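Below is one structure, written out as structure tokens; the observations come after it.
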Amino acid sequence: MRPTTRLAAGLIAASLAASSWFGATAAEAAPATDLIFSEYVEGSSNNKYIELYNGTGADVDLSLYSVELYSNGGTSANNVQPLSGTLAAGKTLVIANSQASLAVTPDLTSSVTNFNGDDVLVLKKAGTVVDSIGQIGSTAKFGTDVTLVRKASVTTGDVDPNDAFDRALQWDVFAKDDVSHLGSHTMGGGDPVDPEPTDPEPTDPADECDLPATAIGAVQGTADAAAMAGKTVTIQGTVVGDFQSGGFNGYFLQDAGDDNPATSDGIFVYDSSKLSGDVAAGDVVRLTGKVSDFKGMTQLTPSVKAVECGTAELPAATVIDFPNTGFEAYEGMLVTFASPLTVLEVYNFGRYGEIAVGPELQFQPTALHAADSEEAAALYEANRTNRVTIDDGRSAQNPTPALNPATLQPLTMETLFSVGDEISGMAGVLDYRFDLWRIQPTQAGTMTDALPREERPEVGGDLQVASANVLNYFTTLTSEDPDARGAKTPEEFERQEAKIVAELNALDAGIVGLNEIENNGTAVEALVSALNEAAGSTKWAALKTGVIGTDAITTALIYQPALVEPVGAFDTLTSDDDPRFVDTRNRPTLAQTFRHLASGETVTVAVNHLKSKGSACGDPSEATMGHLVGNCQETRVAAVEALTDWLAGDAIGVEKSEHILVIGDMNSYDHEEPIKVYETNGYTDMVKHFHGDKAYSYVFDGQLGYLDYVLANDAIKAKIVGAADWHINSTELPLIDYTMQYKADAERALFAPDAYRSSDHDPVVVGIQFGEEPVEPEPIEPEPTEPTPTEPTPTEPTPTEPTPTEPTPTEPTEPVVRPGLPSTGE
């Protein structure tokens with residue numbers, strides 16, 4: 001759930017009752033005799049909420065109460081939620097399903113909200129019914145896909161849950177997923193009446209707008225917390241960002257300033273009750289309300305109706321810059337950046353409509369420095385203080401349409417963007433939500449494709465070997481088996497397979513090691529069949545290993561029989577071979593020797609997928625360096641020690657070649673300990689050898705690095721003429737992958753059966769020159785001739801010997817080396 005609406009917990013209801021022009025006050029109305037259900041939300045999916053209201057005029061001890069759920073026409077409660085604590089007079093208690101995802105922060109989550117529109121809810125006090133919704137024993141669908149709000153005139157609950165339920169008698173009906181009323185309730189005790197005017201006479205709004213107001217800068221103060229938190233103030237300013245719809249239930253107000261650059265001149269107005277009416281950017285509004293800090297952001301909640309003071313030109317956007325450690329002085333203000341913003345992270349774009357940006361691309365600290373170095377620690381801090389999130393002003397998960405964060409227009413296949421692209425000219429309001437500084441855009445900018453898509457890298461050689469992550473390619477659908485990890489439906493599987501096939505056929509390596517393929521013994525053959533169908537020939541074959549190890553995913557090898565052939569049997573490294581290699585955490589290593597048919601040379605390829613950085617292993621590094629190296633570093637180190645010993649010894653059950661390549665996902669960046677163990681044991685990181693530290697195949701937390709390797713022993717290193725990551729996945733939007741879940745039609749259409757975003761890892765490939773390197777021929781020098789006479793002789797034929805030309809070199813093209821990425825400034 002991604003909650004963004006703060007429940008006012010009855011504050012608004014109380015303030016409405018205190019305002020003379022809203023009808024009879026709570027004091028004038030007959031108080032309720034007990035708690036009642038004041039709201040019922042039967043929304044989409046798990047969006048289920050109920051609200052209780054205390055209109056008794058006194059605090060209520062909730063420990064006497066419970067809520068019961070009667071499902072599917074049952075006459076016995078199948079779920080009971082005891083309550084606790086105290087509910088103050090005029091306050092509400094909101095109970096939500098734990099999986100609800102609407103913009104609400106509940107007071108309590110409970111499985112008593114696992115209801116559908118025909119299920120009955122009963123509120124009891126000391127075992128006696130004090131209110132109910134629905135009729136026990138009935139399956140009438142009284143509440144399907146609606147929001148019910150108790151009428152203000154209702155002060156007593158329905159104490160007979162067995163009688164017929166007619167929602168029209170006591171409830172107002174709203175659309176499903178409407179949570180705008182939650183957190184407050186009005187109980188009038190009867191129909192509201194217009195009160196007689198009282199002295200003093202109401203002030204003319206035009207006169208009010210000329211009265212002094214508290215400067216927003218004084219409200220905000222210079223500290224992280226609001227200087228006037230808990231106080232009721234009157235402010236006046238211009239609306240610089242209208243987010244009343246979309247889930248924020250409010251807007252941003254900015255005044256002319258207090259001449260103190262350390263204080264912000266903007267503030268968020270949380271106005272779920274619309275006491276401000278329908279505001280728009282440029283409206284000048286005068287507000288009286290209470291100041292609070294909600295999860296790190298200062299806000300004002302109106303307590304009386306706002307005063308409209310006309311319109312004004314928007315203030316010029318304040319130019320801000322990194323680091324973000326001084327952003328507090330601009331909270332709630334209209335801001336922009338002088339220099340282009342580089343897209344760093346796009347993982348949450350599909351789910352939350354947000355991306356991370358900074359002044360330039362960022363690299364994982366341990367991709368450039370040892371984890372225990374001062375340089376790594378400094379880069380870690382610099383990366384975090386040199387970024388900001390561009391949000392979309394909406395709180396719903398999986399918003400549709402997805403909006404381009406620069407142009408603010410619906411995203412299309414023609415306006416896709418990626419990590420590395422640059423945003424210029426965009427302006428918005430700076431706020432602080434979910435522990436991050438965010439820009440809520442209000443003015444569109446432009447997007448520049450600063451890191452264009454690449455064609456397949458040319459690495460040379462007469463044999464290419466690659467490693468590719470196929471991102472949970474499972475022929476078993478998750479709809480068939482909950483333990484499966486890939487596609488849910490046949491259509492999703494077709495989309496997934498099309499992308500993987502496009503990637504591997506375009507990669508066109510003679511040998512490919514695969515990670516994250518289903519460990520059922522047949523998925524790899526299904527993939528090969530699809531590859532061959534797309535290629536139009538029997539181009540590919542699979543190494544038939546059957547099930548390897550106990551994990552749901554495994555490693556695999558595919559190859560092109562026209563280029564190579566397996567030599568002898570394959571072998572695996574497991575815990576049985578060496579207890580240092582824990583195969584319940586690491587996937588077993590798969591090793592096979594191949595003969596290159598054109599040269600007769602052999603190479604042993606060992607495919608790996610070491611323990612991830614995610615789930616904990618209890619290793620010491622998790623406590624001391626987990627923020628830099630993740631979890632399980634010692635587990636990976638021990639695995640590499642076992643693996644290098646296995647490859648060097650005689651126990652390995654393959655016809656071992658003098659040429660050895662270790663490939664796959666090591667779950668370690670290149671300055672981390674597992675890679676140092678490889679290097680100590682004579683293996684060279686070929687991507688680093690050709691491209692340096694700033695190569696990358698993966699983006700995590702908005703930082704580039706690579707986890708995918710081709711490591712070569714000295715014998716084959718001398719024959720490798722090129723290596724490269726093919727950047728088709730790591731920087732691309734996850735939104736364009738094969739999955740169809742949690743996507744509306746517009747986002748499902750953002751798909752092409754091509755190689756881009758076929759996985760979250762980029763494939764890596766090396767070129768090996770096994771045969772004789774082609775020799776560039778020497779140009780043929782023509783024999784000198786006598787000068788041509790100036791008078792041509794017509795009867796003399798034109799010489800038939802061709803004029804010597806520069807022959808086309810047959811030497812392979814030099815590998816394309818990707819230009820270095822921008823410096824991180826560390």
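Remember, predicted model here, so these are calculated numbers, not experimental data.
Not counting sequence neighbours, the partners of T415 by the side chain to side chain donor-acceptor pair (under 3.5 Å) test are T412. Partners of F493 under the side chain to side chain contact (heavy atoms under 4.5 Å, CB included) rule, at least two apart in sequence or in another chain, are Y473, T475, L477, A487, Q496, E497. Legend: residues meeting side chain to side chain donor-acceptor pair (under 3.5 Å) with D178, ordered by chain and number and at least two apart, are S180. Residues satisfying the side chain to side chain donor-acceptor pair (under 3.5 Å) test with S697, not counting sequence neighbours, are D708. Applying the side chain to side chain contact (heavy atoms under 4.5 Å, CB included) criterion to D737, with sequence neighbours excluded, gives T739, K743, R757. A search for side chain to side chain contact (heavy atoms under 4.5 Å, CB included) contacts involving A225 returns D293, not counting sequence neighbours. Evaluation of the ring-ring contact (aromatic ring centres under 6.0 Å, His included) rule for Y709 yields Y706 as partners, not counting sequence neighbours. Scanning for side chain to side chain contact (heavy atoms under 4.5 Å, CB included) contacts around K176 gives S44, D145, with sequence neighbours left out. Under the rule for a side chain to side chain donor-acceptor pair (under 3.5 Å), the partners of N469 that lie at least two apart in sequence or sit in another chain are E516, S759.
One N or O on the side chain of E345 and one on the backbone of G702 form a donor-acceptor pair closer than 3.5 Å. A distance-only check finds a donor-acceptor pair linking the side chain of Q440 to the backbone of G393 [under 3.5 Å]. Not a single donor-acceptor pair under 3.5 Å links the side chain of D725 to the backbone N or O of H727. Judged by distance alone, the side chain of Q254 and the main-chain N or O of V240 form no donor-acceptor pair under 3.5 Å. Under the 3.5 Å distance criterion, the side-chain polar atoms of K499 are matched with a main-chain donor or acceptor of A752.
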Give every donor-acceptor pair under 3.5 Å between a side-chain atom in residues 313-329 and any protein atom, sequence neighbours left out.
residue: N324; atom: ND2; partner: R384; partner atom: O; Å: 3.1
residue: N324; atom: ND2; partner: R387; partner atom: O; Å: 2.9

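Atoms CD1 and CG, on I423 and N404 in that order, are 7.0 Å from each other to the nearest 0.5 Å. With rounding to the nearest 0.5 angstrom, the CD atom of E354 is 5.5 Å from the CG atom of D391. Of the inter-residue distances, the one linking S418 atom OG with L451 atom CG reads 6.0 Å to the nearest 0.5 angstrom. In this structure, Y49 OH and T109 OG1 are separated by 11.0 Å, a value rounded to the nearest 0.5 Å. Rounded to the nearest 0.5 Å, atoms OG1 (T366) and CG (D670) are 8.0 Å apart. With rounding to the nearest 0.5 Å, the separation of CG in L300 from CD1 in I267 is 5.0 Å.
Side-chain N/O atoms of N398 and E747 include no donor and acceptor closer than 3.5 Å. Using modelled atom types, one finds a donor on one side chain and an acceptor on the other under 3.5 Å when comparing T298 with Q220. In summary, the side chains of S101 and N47 do present a donor paired with an acceptor at a separation below 3.5 Å, with no hydrogens or angles considered. Counting only N and O atoms by type, the side chains of Y251 and S276 include a donor and acceptor under 3.5 Å apart.
Evaluation of the ring pair (Phe, Tyr, Trp, His ring centres under 6.0 Å) test over residues 398-420, restricted to residues two or more places apart or in two chains, returns F349-F417. Applying the salt bridge (charged side-chain N to carboxylate O under 4.0 Å, His left out) test to residues at least two apart or on different chains, the pairs with a partner in residues 406-431 are D431-R433.
You'll find the side chain of Q443 stays beyond 4.5 Å of the side chain of L408, heavy atoms only.
Ring geometry, H369 versus H671: the interplanar angle falls from 30° to 60°, so the pair is classed tilted. Between Y380 and H627, the ring planes lie perpendicular to each other; the angle is over 60°, past the 30° to 60° tilted range.
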